[in-house]
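Nothing here was measured: the structure is a model prediction, and the numbers come from that model. What's counted below: heavy atoms across the whole structure, side chains too, no hydrogens, waters or symmetry copies.
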Amino acid sequence: LDIKYTYCIELRYPGWADDYTSALRNKLRNANKLYRVERAASAEGFYALNQLSFAAQKMKMPYTAEQFEGLFEACQQHQAGTLYWAVHEQTGAKEAAIWVLWDQRWAYLLASGRSRDAHNGAVAMLIDQAIQDAAAGGLQVFDFEGSSLKGVEGFFRQFGGALRMGLVVKKYAWF
């Protein structure tokens, strides 16, 4: 049993975006000048981009491309999520992406990735769009799904929201 922390934004509170830090607002403003947001109908290219993010942190991918594609297809079939791309306005390159899933009440940021060339506000811009979409869709909470990496936690904290604790149950096989 492990303890996990995450940030959650209460979307029923109309001033949720007021809690964004000024640094985040600057990143969003700059990223919005460089990119447009596209919602993807397929997962093509996402796994490789997500893999770059894990490699940059010297971490092993926790799932295979086949596992991701299976989950993505199930998500599409149940209309329970969206894959967002940050597409560079000048080059047309897809430089960052996030994958968000939802149920009847909550949206969950499950995965993200960005190329080495991406502006440091590209992922933030996508998250902001996903939060706006979740609020417009009547969802109650946007959950960042936590991270134990210091830089990632600090990034999530810039969006405001409340710090929440959760429990993670793991099953180990003994051979």
Side-chain angles (χ1 to χ4, degrees), residues 3-47 49-50 53 62-63 67-87 89 94-114 118-119 121-147 152-169:
I3 296 174
K4 174 183 154 185
Y5 292 93
T6 185
Y7 286 94
C8 294
I9 296 176
E10 294 287 338
L11 300 174
R12 294 172 290 183
Y13 162 61
W16 52 263
D18 296 341
D19 293 337
Y20 287 7
T21 66
S22 60
L24 178 62
R25 289 179 203 285
N26 286 335
K27 283 182 193 173
L28 292 173
R29 193 170 22 260
N30 291 328
N32 277 301
K33 293 175 186 174
L34 298 172
Y35 299 99
R36 69 179 179 274
V37 176
E38 290 185 3
R39 288 156 190 85
S42 80
E44 185 179 339
F46 178 79
Y47 186 82
L49 197 61
N50 188 226
S53 292
Y63 51 88
Q67 289 170 324
F68 170 74
E69 288 167 13
L71 287 170
F72 183 83
E73 288 303 318
C75 172
Q76 293 296 95
Q77 288 174 3
H78 292 93
Q79 298 177 351
T82 300
L83 181 62
Y84 295 86
W85 284 102
V87 180
E89 288 285 5
K94 294 177 176 177
E95 293 187 359
I98 64 168
W99 188 38
V100 177
L101 277 79
W102 56 76
D103 57 26
Q104 293 81 11
R105 296 180 37 222
W106 290 47
Y108 307 90
L109 174 63
L110 285 194
S112 66
R114 71 181 195 117
H119 181 273
V123 171
M125 180 190 76
L126 296 173
I127 292 171
D128 178 59
Q129 184 64 59
I131 294 169
Q132 290 178 47
D133 290 353
L139 299 179
Q140 297 172 7
V141 176
F142 187 90
D143 186 341
F144 285 85
E145 275 298 297
S147 176
V152 175
E153 184 274 337
F155 172 66
F156 289 165
R157 191 174 349 110
Q158 292 181 41
F159 287 87
L163 185 63
R164 292 193 178 171
M165 182 183 78
L167 298 176
V168 178
V169 178

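- With Gln140 as the partner, the side-chain hydrogen bond (donor to acceptor under 3.5 Å, both in side chains) test is satisfied by one option alone out of Glu10, Gln104, Arg105: Arg105.
- Taking the side chain as every heavy atom from C-beta outward, Asp133 and Trp102 never approach each other to under 4.5 Å.
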Practice problem: Start with the C-alpha distance between Ile131 and Phe144, add both sets of side-chain angles, then the distance that settles side chain to side chain contact (heavy atoms under 4.5 Å, CB included), and finish with yes or no. | Solution: CA-CA 10 Å; Ile131 294 169; Phe144 285 85; 4.1 Å; yes
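- Atoms CD and CG, from Gln158 and Asn26 in turn, are 10.0 Å apart once rounded to the nearest 0.5 Å.
- Judged by distance alone, with hydrogens and angles left aside, the side-chain atoms of Asp128 form no donor-acceptor pair with the main-chain N or O of Ala124 at under 3.5 Å.
- Taking CD of Glu38 as the reference point, atom OG1 of Thr82 lies at 13.5 Å (rounded to 0.5 Å).
- Legend: ring-ring contact (aromatic ring centres under 6.0 Å, His included) pairs involving residues 16-37, not counting sequence neighbours, sorted by first then second residue: Tyr20-Phe159, Tyr35-His88.
- For Leu101 against Leu110, the heavy-atom pair with the smallest separation is CD1-CD1, 3.3 Å.
- Other residues, nucleotides and ligands place no more than 12 heavy atoms under 6.0 Å from the CD atom of Glu44.
- Closest approach of Cys8 and Val141 over heavy atoms only: CB-CG1, 3.7 Å.
- What you find for Arg114 and Ser53 is that their closest heavy atoms are N-OG, 3.3 Å.
- Listed here is the closest heavy atom pair of Ser112 and Ile98: CB-CG2, 3.7 Å.
- You'll find the side chain of Tyr63 stays beyond 4.5 Å of the side chain of Leu71, heavy atoms only.
- The one candidate from Tyr84, Tyr47, Phe68 that meets the ring pair (Phe, Tyr, Trp, His ring centres under 6.0 Å) condition with Trp99 is Phe68.
- Contact check for Gln129 versus Met125: no side-chain heavy atoms found under the 4.5 Å cut-off.
- You'll find the side chain of Asn30 reaches within 4.5 Å of the side chain of His119, heavy atoms only.
- The distance from the CZ atom of Phe156 to the CG atom of Leu24 is 12.0 Å, given to the nearest 0.5 Å.
- At least one donor-acceptor pair under 3.5 Å links the side chain of Thr6 to the backbone N or O of Glu145.
- Closest approach of Leu139 to Ala107, counting heavy atoms only: CD1-CB, 3.9 Å.
- At a threshold of 4.5 Å between non-hydrogen side-chain atoms, the residues Lys94 and Phe46 do not count as touching.
- Listed here is the closest heavy atom pair of Gly113 and Val123: O-CG2, 4.0 Å.
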Quiz prompt | Stepwise side chain to side chain contact (heavy atoms under 4.5 Å, CB included) check, Glu153 with Arg157 | solution = CA-CA 6 Å; Glu153 184 274 337; Arg157 191 174 349 110; 2.7 Å; yes
